[in-house]
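A quick write-up on the structure given underneath.
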2 protein chains.
Amino acid sequence: MAQAVRHDAMRARNLALVLGEVNARGSLTRAALAEITGLTKTTVSKLVADLIEAGLVVETGAVRDGERGRPGVVVRVSGEHVASVGLEINVDYLAVRVVDLSRTVRLRRTQAVDNRFAQPGDVVALLRDLALKAVDDAVDMGLRVVGGVLAVPGPVDQRTGTVHNAPNLGWRDVPVAALLELPFPVQVENEANLAALGELWFGSGLSDFLHVSGEIGIGAGLVVRGRLFQGSHGFAGELGHVVVSPDGPACRCGGKGCLEQYASQDALAAATGLPPGAGPHGNGAQRTGAQAGGASGNGTQATPGGTTAGDISWIVSRLEAGDAAALAACERAGWALGVALSSAINLVDPDTIVLGGIYGPLFPWIGEAVAATLTSRLGQMRDAVPPVVVSRLGTEAAALGAAGQVIQRVIADPAALLQT
Amino acid sequence: MAQAVRHDAMRARNLALVLGEVNARGSLTRAALAEITGLTKTTVSKLVADLIEAGLVVETGAVRDGERGRPGVVVRVSGEHVASVGLEINVDYLAVRVVDLSRTVRLRRTQAVDNRFAQPGDVVALLRDLALKAVDDAVDMGLRVVGGVLAVPGPVDQRTGTVHNAPNLGWRDVPVAALLELPFPVQVENEANLAALGELWFGSGLSDFLHVSGEIGIGAGLVVRGRLFQGSHGFAGELGHVVVSPDGPACRCGGKGCLEQYASQDALAAATGLPPGAGPHGNGAQRTGAQAGGASGNGTQATPGGTTAGDISWIVSRLEAGDAAALAACERAGWALGVALSSAINLVDPDTIVLGGIYGPLFPWIGEAVAATLTSRLGQMRDAVPPVVVSRLGTEAAALGAAGQVIQRVIADPAALLQT
DNA sequence: TGAATTAGTCTACGTTGTGGACTAAATATC
DNA sequence: GATATTTAGTCCACAACGTAGACTAATTCA
């Protein structure tokens with residue numbers, strides 16, 4: 001529910017307003033800030049002084065010149081003091097990113113591991129080591145890490161920081177946030193949502209889009225006017241289980257003909273001719289063992305062994321070689337993605353479709369089929385069919401979005417930081 | 001973009017907070033308000049005094065008693081002064097509702113007309129007459145009408161108050177808001193969205209749901225935490241064109257196998273055996289003529305003549321008589337609705353599904369099929385499949401939601417009203 | 001009848017933004 | 001090169017609003 005506004009809340013709000021404008025426009029003089037915000041020069045000066053004292057903003061020596069009159073002193077967001085960590089647990093790697101307040105990536109660390117062979121506790125312990133090392137390095141750079149967010153491939157209970165169900169990791173009800181016990185608050189979020197936020201803050205500059213994360217599963221994150229849409233329980237965006245064909249192949253979710261059966265990494269690998277559990281990495285027996293250790297309910301899946309990230313480069317190599325099966329698989333996946341997206345567009349009305357994850361490398365072979373399907377299904381009713389574009393961010397998107405979310409929170413409420 | 005907070009904005013916010021609590025909890029003493037809002041008794045008293053002076057709130061003689069100590073004076077939202085009008089243009093009727101600030105419906109007026117035989121200008125002129133008469137009556141009751149909202153069956157450009165495309169009326173780019181020229185601001189909105197808001201404010205008391213409006217077309221409105229989700233351009237909720245079967249019957253939208261082809265009023269009437277254009281009202285020749293005057297692009301539809309509201313009671317009578325074709329049509333419609341809703345649930349994660357419009361009278365024959373389809377498609381992945389319930393509001397939902405939206409705006413920002 | 005308890009008002013005060021005067025630092029003009 | 005003009009930023013008296021706690025009012029309990 002809404003909160004009472006007292007003088008301190010008024011101040012907090014105006015601090016956020018000023019910092020937000022500095023953040024959005026790069027660098028500004030106090031005079032320009034007064035003009036934009038509608039506050040008086042006096043007030044803006046006081047607010048900026050507070051922000052400078054807190055180390056969130058710096059005066060650059062540079063002054064705005066050219067016009068006549070006294071030149072203003074330009075301020076910009078300072079990346080020298082405050083930072084956040086973005087963490088990611090995925091099927092075949094762990095990732096840590098440190099991002100400063102000016103949204104500069106200060107540290108990138110990715111470690112390849114096969115998490116399907118490991119217990120949740122071990123995975124989290126390894127991630128914890130990586131995170132603590134990264135924080136140490138950040139401190140050496142003079143940065144203060146104020147918080148972190150962890151991306152996991154599956155739906156999450158945000159309140160408790162528990163991973164509800166991550167089928168590709170074989171996790172069920174794992175209290176990751178508690179297990180991590182880092183020296184700052186850590187929030188846990190669905191990878192697909194964070195990848196969308198990564199695209200928002202580190203991508204092409206759009207602020208209204210549906211971001212599709214193609215991985216072992218297929219998730220999506222909807223950003224409307226710069227804000228993530230989460231649904232009633234935070235489980236929105238399960239694009240992978242949108243119906244493509246109501247009597248199509250059975251899916252692990254219990255439905256039939258879900259998008260994942262046509263366009264997930266596993267489906268593409270199988271259709272291209274990769275034998276189940278016989279990809280470039282590991283072997284079938286080992287994998288099955290790992291799965292039995294954790295996952296359940298995957299019995300109905302077409303490729304019970306699952307695939308690894310290496311498989312996607314194998315598929316790309318087949319496509320580049322002109323392999324007919326691979327090309328046909330992409331054509332079909334593109335069509336299915338188009339069908340599912342046409343439902344999504346009718347329901348949530350996104351401005352643009354951004355394809356990320358495996359659809360990045362596969363874009364040359366599926367982009368056109370997706371766009372063509374959308375045009376044929378939507379073109380008659382609408383003035384404009386949402387354009388389909390590819391994300392520039394690779395597998396980084398989720399970890400960057402995770403780090404960015406903490407930064408976003410500081411920008412949106414700098415007063416919370418001043419008090420401590 | 002966010003706005004600067006000055007003293008007046010602080011006050012406006014706190015006025016809204018107090019009024020909002022009074023509105024939400026029915027009636028409260030100043031002391032209770034101070035407790036709930038966290039404001040001091042002094043401040044609450046001042047705010048309440050302003051609200052009383054503006055006529056938005058009244059002291060009821062009644063006092064809260066039972067406990068010891070001085071009894072408090074209870075205040076509640078006053079329905080005696082401020083009111084709004086909800087307007088609706090639909091295929092076969094015009095509706096006007098006057099609702100006061102306490103959300104009591106003060107005036108109901110519905111006029112049956114066949115708007116497919118009329119020019120937009122004539123329809124709007126008739127509605128204008130109805131609205132002005134209703135406003136006169138409201139004034140006689142001592143009410144001041146502060147605004148209105150108009151519900152139309154189709155997507156709308158809210159900024160300009162233009163109906164983009166209402167296929168069932170045969171309207172295209174009609175500037176309704178301008179044509180209406182009522183003596184207060186009127187906003188135009190999609191009927192499906194307003195029906196969802198009607199359900200929110202006048203229905204079963206839920207604040208998280210997807211409301212499905214079954215009519216000639218099928219629309220939906222998503223309410224999350226008491227707020228309507230609109231999408232990037234305000235066109236979200238087009239459930240009627242969600243894919244049920246990608247190679248199903250052609251739809252006027254250009255797609256194939258859209259939900260409307262299975263579960264719209266027209267589809268049900270046709271499947272029950274109503275010959276195209278030969279329903280209880282009018283005849284085929286007349287209808288075709290009316291359609292040619294306005295609509296276009298309906299050539300591929302199964303029942304080009306369309307149906308009228310009377311047809312739904314005809315279908316219900318067939319169902320009550322045990323007609324096999326009608327029962328099968330409902331079974332199929334329920335299944336299709338379930339398939340489309342399973343996609344919607346995966347994408348937007350609603351808490352509850354509320355079926356309204358024609359699905360109200362049809363609920364006994366389709367409710368179970370919808371729920372069963374949802375359970376079979378979603379049950380394995382989720383702890384809980386959203387329950388499917390029926391709306392208590394009949395055809396009134398949209399007009400009530402329209403009126404309610406103005407009331408909601410006053411509650412959310414009473415200060416805006418005080419200034420005038 | 002008086003003590004206890006709770007509701008609401010009154011008054012001095014603190015915090016924050018405002019508006020206009022004032023100082024500072026640049027360019028334009030003669 | 002001196003002076004006018006223009007724009008940036010600071011200073012100070014003031015106004016708006018919420019706060020805190022004393023105070024009055026109205027009820028129940030003993």
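For clarity, every value in this text was computed on a predicted model and none was experimentally measured. Labels below follow one simple rule: chain letters A, B, ... track the order of the sequence lines, proteins then strands, and each chain is numbered from 1.
- Considering only side-chain N and O atoms, B/Arg6 lies nowhere under 4.0 angstrom from the phosphate OP1 or OP2 of D/dA16.
- Counting distance only, with no hydrogens placed and no angle test, the side-chain atoms of A/Arg70 and the base atoms of C/dA24 include a donor-acceptor pair under 3.5 Å.
- Remark: P of D/dC17 and CG of A/Asp8 are 17 Å apart, rounded to the nearest angstrom.
- Note: CE (A/Met10) to P (C/dT18) measures 8 Å, nearest angstrom.
- The interatomic distance linking B/Arg68 (CZ) with D/dC29 (C1') rounds to 5 Å, in whole Å.
- Taking atom NZ on B/Lys41 and atom C1' on D/dG21, their separation rounds to 9 Å, with Å as the unit.
- For D/dC17, neither phosphate oxygen OP1 nor OP2 lies less than 4.0 angstrom from any side-chain nitrogen or oxygen of B/Asn14.
- The separation between A/Leu47 atom CG and D/dT10 atom C1' is 15 Å, rounded to whole Å.
- The base of D/dG9 does not come close enough to the side chain of A/Thr29 for any donor and acceptor atom to sit less than 3.5 Å apart.
- Using cut-offs of 30° and 60° for the angle between ring planes, the B/Phe235 and B/His233 rings count as tilted.
- Of the listed residues (B/Thr352, B/Asp208, B/Asp351, B/Asp349), just one forms a side-chain hydrogen bond (donor to acceptor under 3.5 Å, both in side chains) with A/Ser232, and that residue is B/Asp208.
- A straight line from CG of A/Leu39 to P of C/dT18 spans 5 Å, rounded to a whole angstrom.
- A/Thr104 contributes no side-chain N or O that, together with a main-chain N or O of A/Asp100, makes up a donor-acceptor pair within less than 3.5 Å.
- Nucleotide D/dG9 holds its P atom 10 Å from the CD1 atom of A/Ile52, rounded to whole Å.
- Nearest heavy-atom pair, A/Glu199 versus A/Ser204, reported as atom, atom and distance to 0.1 Å: OE2-OG, 3.0 Å.
- Phosphate proximity of C/dT18 to A/Thr40: present, with a side-chain N or O under 4.0 Å from OP1 or OP2.
- Nearer to the 5' terminus of DNA chain D, by closest-nucleotide assignment, is the contact made by A/Lys46 (compared with the other of A/Lys46 and A/Val5).
- Judged by atom type and distance alone, A/His7 reaches the base of C/dG14 through a side-chain donor-acceptor pair under 3.5 Å.
- Evaluation of atom-type donor-acceptor distances gives a pair under 3.5 Å for the side chain of A/Thr42 against the base of C/dG20.
- With A/Arg97 contributing its side chain and A/Ala402 its backbone, the two residues share no donor-acceptor pair below 3.5 Å.
- Rounded to whole angstrom, the span from the CD atom of A/Gln3 across to the C1' atom of D/dG18 amounts to 15 Å.
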